Amino acid sequence: MGVAVSTIAVARQARWRDFDWQLTLYLALLLGFGVVLGVSAAWNDGPVPAGTIPEPVKTVVWSVVGFTLMLVAASVDYHWLRTFAVPIYVVTLGLLVMNLLFGSVVSGAHLSVSIGGLDFQFSEISKVLMVVVLAAFLASRGQRVGKLSTILGAGLLTALPTALVLRQPDLGTALVFIAILGGMLFISGASIGWMALLLGVAIALTPVALGVLAEYQRARLLCFLDPGADPQGACYQLVQAMNAVGSGGWLGQGLTAGHANQLGFLPVQTTDFVFTIVAEELGLVGGIILLALFGLLLWRMVLIGWQARDSLGRLVAMGLATMILFQVVVNVGMVIGLLPVTGIPLPLITYGGSSTVSILFGMGILQSVRMHTRTETF
């Protein structure tokens, strides 16, 4: 008995030697990047009101909480996710319903639920949870993964949470769900032909989808097509963002010296439009460095998925990588005018405790995949 316990303890220690410190380093650097941008954004805001915690300090606190949760998640064998996939899905739907019923309303959208004085945006954690649910479903399909029934099943699983976030309305998160679904179907080996056919049907139904969007969401699409249509109204954010990006040049105007940033010309500059601070104050070089960090993070995530010993681990890794990649591409694309404004945050950079903690929790699951890749030997 004592020998068996000792052997298990040795095996667990060996797993922690496989903890991916490179992945952790890239996460820490990106979070540090976000803190620096937050300090710059608040540089000329004046004294913080009594009893209020500065946003950069909140980011550090949430990062500590997130890294702690990452270690906890890494210590648990990710294979348990398959066992608890159904309860996880039910919890996901429950959280999104809570967001609808009890979420505070900002600009017409139910964004977050306040618990004990802290705001939680349940749609953020739902992204990670849906990666887990879809990974468990697709991994369970085995040889049937190439059938139409697999695509339809995964689509039905994704449809309900997507409908709930659209009801908030939160178009950005809905698009992230769809991107995760597409990326994971592709990685799983689902039929490309059936996926292409369904994509064609979805494109054909786009006019119908536009009809159910909120008025401000349709205005954002109009601004993407013609930013000059309403430069002082619906298109104001996009016009100011493009001006700020263009003024940065190669090296930027310097931290705390950005004209649009420091004078507050751009609303939500620390959330959806945080990349404008990068472009204006750190220039093209700063933007390339930030995107390179994301590239290194994604490379590490894909590598962990490639080395996973089973389809569940591979799908979890690739689903999380798809989630991060899609958000980075869309966020940067909308800031520079290449994509419509959809309210998608820049991962690990945008202010928001829910987003930071959720992503780090997902990275903990990814660390578990890494640490349990090697087959145990006794």
Side-chain angles (χ1 to χ4, degrees), residues 18-34 37 63 66-67 70 73-74 78 124-125 127-132 134-135 138 172-173 175-189 272 274-275 278-279 282 284-309 311-336 338-339 342 344-350 352 355-371 373:
D18 290 329
F19 187 84
D20 197 318
W21 289 104
Q22 281 194 58
L23 179 74
T24 306
L25 173 63
Y26 301 144
L27 290 169
L29 289 174
L30 284 166
L31 286 167
F33 211 116
L37 294 178
S63 298
F67 276 118
M70 183 179 79
Y78 71 95
E124 291 297 329
I125 186 61
K127 299 173 187 176
V128 176
L129 296 181
M130 279 307 300
V131 169
V132 171
L134 288 173
L138 293 172
T173 298
L175 292 175
V176 175
F177 281 158
I178 295 171
I180 290 172
L181 172 64
M184 294 184 71
L185 283 173
F186 178 78
I187 294 298
S188 70
D272 296 347
V274 69
F275 190 76
V278 180
L282 301 178
L284 179 62
V285 172
I288 290 175
I289 291 174
L290 178 60
L291 294 178
L293 283 174
F294 275 116
L296 290 170
L297 176 67
L298 288 165
W299 163 73
R300 204 65 196 170
M301 295 173 70
V302 170
L303 183 63
I304 292 173
W306 183 263
Q307 295 175 341
R309 70 181 186 183
S311 59
L312 178 63
R314 181 169 61 254
L315 285 166
V316 166
M318 297 307 181
L320 291 171
T322 300
M323 180 186 77
I324 297 292
L325 176 62
F326 181 77
Q327 291 185 96
V328 171
V329 170
V330 174
N331 182 276
V332 175
M334 73 181 188
V335 167
I336 62 179
L338 294 181
L339 293 172
T342 54
I344 291 180
L346 189 60
L348 304 170
I349 303 296
T350 293
S355 176
T356 298
V357 172
S358 299
I359 290 174
L360 291 177
F361 171 67
M363 295 301 108
I365 299 174
L366 188 63
Q367 290 282 12
S368 178
V369 173
R370 163 78 173 177
M371 292 162 60
T373 290

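As the structure is a prediction and not an experimental result, all values here were calculated from the model. Computed over heavy atoms, backbone and side chain alike; hydrogens, waters and symmetry mates excluded.
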* **Heavy-atom pair with the smallest gap, counting every atom of Val316 and Ala135** => CG2-CB, 3.7 Å
* Asked: Would you say the side chain of Ile349 lies within less than 4.5 Å of the side chain of Phe275, judging by non-hydrogen atoms?
  -> no
* Roughly how far, to the nearest 0.5 Å, is the NZ atom of Lys127 from the CD1 atom of Ile359? -> 7.0 Å
* **Check: Met70 and Phe361 side chains under 4.5 Å, non-hydrogen atoms** => no
* Taking Gln367 for the side chain and Asp20 for the main chain, is one N or O donor matched with an acceptor at less than 3.5 Å? -> yes
* Asked: With Thr173, which residues qualify under side chain to side chain donor-acceptor pair (under 3.5 Å), at least two apart?
  -> Asp170
* Output the distance between atom CG (Leu134) and atom CG (Leu181), rounded to the nearest 0.5 Å. => 6.0 Å
* To do: Locate the shortest heavy-atom distance separating Gly319 from Met184; write the atom from each residue and the value.
  => CA-CG, 3.6 Å
* Applying side-chain contact (heavy atoms from CB on, under 4.5 Å), run through Phe186 and Thr322 and close with a yes or a no. => CA-CA 11 Å; Phe186 178 78; Thr322 300; over 6 Å; no
* Asked: Where do Gly172 and Ile344 come nearest, in terms of heavy atoms and distance?
  -> CA-CG1, 3.5 Å
* Structure fact -> To the nearest 0.5 Å, atom OG of Ser63 lies from atom CG of Leu27 at 10.0 Å
* Structure fact -> With sequence neighbours left out, the residues meeting side chain to side chain contact (heavy atoms under 4.5 Å, CB included) with Met301 are Leu23, Leu297, Leu298, Leu320, Ala321, Ile324, Met363, Leu366
* All side chain to side chain contact (heavy atoms under 4.5 Å, CB included) counterparts of Trp306, not counting sequence neighbours -> none
* **Partner set under side chain to side chain donor-acceptor pair (under 3.5 Å) for Ser368, not counting sequence neighbours** => His372
* Can Leu346 and Leu290 be said to form a side-chain contact (heavy atoms from CB on, under 4.5 Å), step by step? -> CA-CA 11 Å; Leu346 189 60; Leu290 178 60; 4.1 Å; yes
* Between atom CG of Leu360 and atom CZ of Phe67, what is the distance when rounded to the nearest 0.5 Å? -> 5.0 Å
* Structure fact -> Nearest heavy-atom contact between Ala317 and Gly305 is CB-CA, 3.4 Å
* Asked: Sequence neighbours excluded, which residues qualify as side chain to side chain contact (heavy atoms under 4.5 Å, CB included) partners of Gln307?
  -> Leu303, Arg370
* From Ile289 atom CD1 to Leu282 atom CG, the distance as rounded to the nearest 0.5 Å -> 8.0 Å
* Asked: Any side-chain heavy atom of Phe33 sitting closer than 4.5 Å to one from Val278?
  -> yes
* **Side chain proximity check, Met323 to Val128, heavy atoms < 4.5 angstrom** => yes
* Return the minimal non-hydrogen interatomic distance between Leu315 and Ser188, and the atom names on each side. => CD2-CB, 3.8 Å
* **Residues which pass side chain to side chain donor-acceptor pair (under 3.5 Å) with Thr342, listed by chain and number, not counting sequence neighbours** => none
* Asked: Atom CG in Leu31, atom CG in Leu293: separation rounded to 0.5 Å?
  -> 11.0 Å
* Closest heavy-atom pair and its distance - Val328, Pro347 -> CG2-CD, 3.9 Å
